[in-house]
**Student:** 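This structure is in structure tokens; I'll ask about it shortly.
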Amino acid sequence: MTAYSLRARLLALWVLLVASAAATAYLMLGVYDQSTGVQVAQADLAVGRACREIIDRYAALVRARGPRIAEADLVGTVSAALTRFPGIEGGIWSTARGSVAYAYPTYEGSGPKTDFPAAERDAIAALNAQALRVDHAASERRPSRTQVLMLQACPLHGPEAGLTAWSMTRAHVNDGPTYTRFLAGLGFLAATVLGSAAFLSWFLYGFSGRIARLEAALAAPRPDGQDLPHLDRTGEHELDRLVDALNAAGGRLREAQARIVATERLAAVGRLAASIAHEIRNPIAAMRLKAENALVSGDPQRAAVALETVLGQIARVDTLLRDLLNLTQARPLNRMPTPVAPLLAECAGLHEDLARARAVRIAVEADGLPAADHPHLDRAQVARAVDNLLLEDGAADWLAGDLPGAVARLERTMIAAALREADGNRARAARRLGIQRQLLYAKIERYGLGAPGTDLSEETTDAVGNSDASAGTDTA
């Protein structure tokens, strides 16, 4: 659906108003023409009646006086006949003598009008001649700009031949109260159309200016970074409602943005904390496993190796913490020629005990590397990345395979850890695991944890192979 602008809609409204005004003016003109037509028709009818009234009164005069009729009697007859017809003048016309009687009894002047209308003399003579020729009434209309002249002539039958009666009036079509009211109505329509055009233009100008100010305020660059600025009220009620709604929406948007920023900061802190915990947990796990194995084995040389490993992991943790303290500054890479094979072997050695506990073997295949060409690497960063890869791959290997295999690996790891923590005492290990000793014996036999040559046989004490009598009162 096409969306039209407010300006187009108001313009369409004004066009409809102009069309309505034009239709009203056309109807008014039709009504006025009809009223003037009725007025002319009524005047024409009155002229005809006046002419017949003169005929009737002339016939009565002839019957009363006979053939000898004075001119004064004719004037009195015409005046008496026209008294009942306002605005109509008339008389008696003779073909030989011209006007023999004239009267205008309803004349609204200061005195009676007795002079013959000289301006219409020719028209009156011609119409009377036509009435004598056709021997019946003849009429004529002569319209002008402001009035219509109506004449009627009727032949008179009496002692004197060539006499006709005539009557005349003027219908004012473009003058008088009707014409004034018509002009007033047209003027009002014109004023309405022009006034509505001026009002709509003023409204559109002010409304467009307010809209332009709102657009400029919304499009202006904002140094504070706000998406929706605070808008000033325009003074237009409808627009101010929209302004208030936009200001309220801007406030809610700023609050939502503040919450999002706070959430993102907390999420960033959480990710940083998780990363730090992951980086610190890896060396701690390696140190713990080395220390536990060294304590279980009782071998001084192995304890020394474990201490060296612990010191190396402590140095790694110290480097990590130092990087965290310098987090606001970019840490430069400390590149130096680094033998890759010894670095990989060192990283694999750190996780050898964990791999053995998970029944995983870590192999370093560096035969294809050149012996003399050492790449420039940041040893600490690469070592950290390799440690993370080994631990993640170990977790993936732990979860690889089917469910029974994963359960068996978990059982073997937990039994080996319990035996180490119990110094090889199977009774204490069974209590630690929460199972019967007979079940523990069967699982030790199944996983080969108590047999010579297995992965964990070196890490257990002699008590693993002894009877559980040494456990004192430990019973199932």
**Student:** Considering only heavy atoms from C-beta outward, does the side chain of L239 approach that of I211 to under 4.5 Å?
**Tutor:**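 Sidechains of I211 and L239: in contact.
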**Student:** Can you find a pair of side-chain heavy atoms, one from L149 and one from S144, that are under 4.5 Å apart?
**Tutor:** no
**Student:** For the residue pair A171 and V40, what are the closest heavy atoms and their distance?
**Tutor:**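 Of all heavy-atom pairs spanning A171 and V40, the closest is CB-CG2, 4.1 Å.
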**Student:** Taking S79 for the side chain and V75 for the main chain, is one N or O donor matched with an acceptor at less than 3.5 Å?
**Tutor:**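 No, the answer is negative, given that no donor and acceptor are paired below the 3.5 Å cut-off.
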**Student:** So does E53 pair up with R49, basic N to acidic O under 4.0 Å?
**Tutor:** no
**Student:** To the nearest 0.5 angstrom, please state how far the OG1 atom of T95 sits from the CG atom of L132.
**Tutor:**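 It comes to 4.5 Å.
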**Student:** Using a 4.5 Å cut-off on heavy atoms from C-beta on, say whether the side chain of L151 contacts that of V47.
**Tutor:** no
**Student:** Any heavy-atom pair between the side chains of D240 and T234 that's under 4.5 Å?
**Tutor:**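 Yes, close enough: below the 4.5 Å cut-off.
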**Student:** Shortest non-hydrogen contact from C51 to Q152?
**Tutor:** SG-O, 4.1 Å
**Student:** Whether the side chain of N247 engages the backbone of L231 through a donor-acceptor N/O pair (distance < 3.5 Å, no angle test) should be reported.
**Tutor:**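 Judged by distance alone, yes, a pair lies under 3.5 Å.
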**Student:** Which atoms form the tightest heavy-atom contact between L17 and S196, and what is the distance?
**Tutor:**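 Smallest interatomic distance, heavy atoms only, reads CD2-OG, 3.0 Å.
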**Student:** With the side chain counted from C-beta on, respond yes when F85 and T169 share a heavy-atom pair under 4.5 Å apart, and no when they do not.
**Tutor:**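 No - every pair of side-chain heavy atoms lies 4.5 Å or more apart.
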**Student:** Using side-chain heavy atoms (C-beta onward) and a distance below 4.5 Å, is I92 in contact with Y58?
**Tutor:**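 Counting from C-beta outward, I92 and Y58 do come under 4.5 Å.
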**Student:** Could you measure the distance from the CG atom of D122 to the CG atom of L127? Nearest 0.5 Å is fine.
**Tutor:**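 Separation between the atoms: 12.5 Å.
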**Student:** Please evaluate residues L74 and V78 with respect to the criterion side chain to side chain contact (heavy atoms under 4.5 Å, CB included), reporting the C-alpha separation (whole Å), side-chain torsions for both, the decisive distance (0.1 Å), and the verdict.
**Tutor:** CA-CA 6 Å; L74 293 177; V78 172; 5.6 Å; no
**Student:** Check V100 against E71 and note the closest heavy-atom contact, atom names and distance.
**Tutor:**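 That closest heavy-atom pairing would be O-CG, 3.0 Å.
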**Student:** Can you name the nearest heavy-atom pair linking A50 to L82, along with the distance?
**Tutor:** CB-CD2, 3.6 Å
**Student:** To the closest 0.5 Å, what do you measure between CG (D135) and SG (C154)?
**Tutor:**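 The distance works out to 11.0 Å.
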**Student:** CZ of F203: more than 12 outside heavy atoms within 6.0 angstrom?
**Tutor:** yes
**Student:** Does F116 form a side chain to side chain contact (heavy atoms under 4.5 Å, CB included) with I124? I'd like the steps, not just the answer.
**Tutor:** CA-CA 11 Å; F116 184 84; I124 294 173; 3.6 Å; yes
**Student:** Do R265 and V261 come within less than 4.5 Å of each other through their side chains, counting heavy atoms only?
**Tutor:**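 Side chain of R265 against side chain of V261, heavy atoms only: contact under 4.5 Å found.
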**Student:** Rounded to the nearest 0.5 Å, how far does CZ of R142 lie from CE of M168?
**Tutor:** 10.5 Å
**Student:** Which atoms form the tightest heavy-atom contact between P155 and A137, and what is the distance?
**Tutor:**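 Closest approach of P155 to A137, heavy atoms only: CD-N, 4.1 Å.
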**Student:** Do the non-hydrogen side-chain atoms of I69 and V62 ever get within less than 4.5 Å of each other?
**Tutor:**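 The answer is yes, as the side chains (C-beta and beyond) meet within the 4.5 Å cut-off.
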**Student:** As an exercise, state the distance from OG1 of T164 to NE2 of H157, rounded to the nearest 0.5 Å.
**Tutor:**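 Answer rounded to 0.5 Å: 11.0 Å.
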**Student:** Could you go step by step and tell me if M150 and L45 meet the side chain to side chain contact (heavy atoms under 4.5 Å, CB included) rule?
**Tutor:** CA-CA 10 Å; M150 285 169 286; L45 182 61; over 6 Å; no
**Student:** Tell me, please, which residues at least two apart from Y102 pass side-chain hydrogen bond (donor to acceptor under 3.5 Å, both in side chains).
**Tutor:**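 Result, side-chain hydrogen bond (donor to acceptor under 3.5 Å, both in side chains) vs Y102: E89, K113.
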**Student:** Supply the atom-to-atom distance D115 CG to Y104 OH, rounded to the nearest 0.5 angstrom.
**Tutor:** 11.5 Å
**Student:** Quick one: do R233 and D244 satisfy side chain to side chain contact (heavy atoms under 4.5 Å, CB included)? Show the steps, please.
**Tutor:** CA-CA 8 Å; R233 295 173 68 88; D244 294 338; 2.7 Å; yes
